[in-house]
Amino acid sequence: MYEHILIPTDGSKTAEYAVEQAVDVASKYDATVHALYVIDVDATSYALGAEQVDRIRQGHLDEMPEIRAEADEATGYVADVAAEHGLPVREHVTAGEPARAIRKFVEENDIDLVVMGSHGRSGLSRVILGSVTEKVLRRTRLPVLVVDVHGGDQGAEA
Ligand code: ATP
Ligand code: MN
């Protein structure tokens with residue numbers, strides 16, 4: 001059923017929370033886990049110029065050690081949990097608009113399940129879903145498992 005499971009992560013606690021679920025499913029299906037961190041080129045926190053974006057796209061992320069470290073930390077968390085469960089795992093970093101990059105990755109890598117958090121770094125709990133998750137749900141036809149930031153706290157806000 002599932003051979004390649006994608007966990008897009010922005011390094012947030014909520015994304016990390018989704019990893020446990022993803023790895024559990026992956027174990028049951030002997031699936032390969034893919035961790036993807038998208039460097040959000042429009043995020044003001046990065047303030048990337050067009051030239052830097054090009055360099056990243058050309059694979060020269062090592063020129064930007066801070067971003068590299070952030071990406072490695074995010075995907076490394078997924079890799080560690082997957083490895084603890086003896087699962088094959090691959091870490092990927094790309095640059096772009098996160099939802100678009102996730103969709104592209106899905107299409108190019110035979111992904112058959114996406115597991116992601118309901119929210120991410122901005123984590124506004126008053127909105128039902130973060131914008132990246134909402135766009136992925138709208139734009140892909142794959143099954144997407146959305147792990148809620150509130151976890152087992154079911155119905156607490158109902
Ligand atoms: P918003 O970004 O809309 O202000 P948010 O940060 O709370 O809200 P999202 O960004 O939609 O919510 O994050 C939801 C999930 O999407 C995360 O848990 C993660 O799985 C995935 N995600 C978000 N940003 C990225 C990214 N840059 N790279 C990979 N995955 C991401
Ligand atoms: Mn976000």
Side-chain angles (χ1 to χ4, degrees), residues 1-2 4-29 31-48 56 61 64 66-107 109 111-158:
M1 179 79 97
Y2 304 125
H4 294 279
I5 297 179
L6 174 63
I7 309 177
T9 175
D10 60 353
S12 63
K13 281 279 159 240
T14 312
E16 287 184 356
Y17 189 67
V19 175
E20 210 57 51
Q21 310 249 347
V23 164
D24 189 68
V25 176
S27 303
K28 298 209 159 74
Y29 288 97
T32 299
V33 170
H34 298 265
L36 173 67
Y37 181 87
V38 183
I39 299 159
D40 187 346
V41 293
D42 294 326
T44 45
S45 55
Y46 288 136
L48 292 168
I56 293 172
L61 188 51
M64 288 152 254
E66 279 170 27
I67 300 177
R68 164 104 252 169
E70 236 171 76
D72 285 349
E73 201 180 316
T75 62
Y77 178 86
V78 179
D80 288 348
V81 178
E84 278 165 23
H85 289 74
L87 288 168
V89 57
R90 290 190 219 144
E91 297 176 57
H92 312 265
V93 180
T94 182
E97 191 267 301
R100 187 184 297 265
I102 290 166
R103 183 181 55 179
K104 184 159 179 268
F105 187 90
V106 158
E107 285 166 2
N109 292 275
I111 299 300
D112 31 37
L113 176 69
V114 180
V115 182
M116 62 197 300
S118 58
H119 296 80
R121 273 199 231 173
S122 31
L124 297 173
S125 53
R126 62 193 155 81
V127 294
I128 296 169
L129 288 175
S131 61
V132 176
T133 300
E134 192 188 322
K135 284 180 197 151
V136 169
L137 286 170
R138 276 185 209 274
R139 294 181 195 162
T140 66
R141 302 215 170 115
L142 281 185
V144 179
L145 173 59
V146 179
V147 179
D148 196 273
V149 65
H150 300 294
D153 210 7
Q154 280 164 12
E157 286 187 284

Candidate pair K104 and E107, rule salt bridge (Lys or Arg N to Asp or Glu O under 4.0 Å), full reasoning: CA-CA 5 Å; K104 184 159 179 268; E107 285 166 2; over 6 Å; no
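- The two residues E91 and T75 make their nearest non-hydrogen contact at OE1-OG1, 2.6 Å.
- Within the 4.5 Å cutoff, the side chain of D40 has no heavy atoms near those of the D10 side chain.
- Looking at heavy atoms from C-beta onward, Y77 lies out of side-chain contact with T9 at the 4.5 angstrom threshold.
- The OG atom of S131 sits 11.0 Å away from the CZ atom of R138 when rounded to the nearest 0.5 Å.
- With sequence neighbours left out, H119 forms a side chain to side chain donor-acceptor pair (under 3.5 Å) with no residue at all.
- The minimum heavy-atom distance linking G117 with T14 is given by the pair CA-CG2, 4.0 Å.
- Residues L48 and I56 are in side-chain contact: their nearest non-hydrogen atoms beyond the backbone lie under 4.5 Å apart.
- Interatomic distance, R103 CZ to R141 CZ, rounded to the nearest 0.5 Å: 10.5 Å.
- The two residues T94 and A101 make their nearest non-hydrogen contact at CG2-CB, 4.1 Å.
- Environment of CD1 in I128: sparse, with no more than 12 heavy atoms of neighbouring residues, nucleotides or ligands closer than 6.0 Å.
- Taking CG from L137 and CG from L142, the interatomic distance works out to 11.0 Å, rounded to the nearest 0.5 Å.
- The line from CD of E70 to CE of M64 is 13.0 Å long, rounded to the nearest 0.5 Å.
- Across all non-hydrogen atoms, the minimal contact from Y2 to A31 is O-CB, 3.4 Å.
- Between H92 and F105, the ring planes are perpendicular. Angles over 60° get that label, and only those under 30° would be called parallel.
- Put simply, the side chain of T133 does not reach to within 4.5 Å of the side chain of S118, judged on heavy atoms.
- Other residues, nucleotides and ligands contribute more than 12 heavy atoms inside 6.0 Å of the CZ atom of R139.
- Side chains of V114 and T140 form no contact here, defined as non-hydrogen atoms less than 4.5 Å apart.
- Counting only heavy atoms from C-beta outward, the side chains of H85 and V81 approach each other to under 4.5 Å.
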Worked verdict on V146 versus L129 for side chain to side chain contact (heavy atoms under 4.5 Å, CB included): CA-CA 9 Å; V146 179; L129 288 175; 3.9 Å; yes
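- Here CD1 of I111 is found 10.0 Å from CD1 of I7. Values are rounded to the nearest 0.5 Å.
- Residues A95 and V38 approach most closely at C-CG1, 4.3 Å, considering heavy atoms.
- Going from atom CG of L36 over to atom CE of M116 covers 9.5 Å, rounded to the nearest 0.5 Å.
- V25 is not listed as a side-chain neighbour of V115, based on a closest heavy-atom distance of 4.5 Å or more.
- Here the shortest heavy-atom pairing between A22 and I5 reads O-CD1, 4.3 Å.
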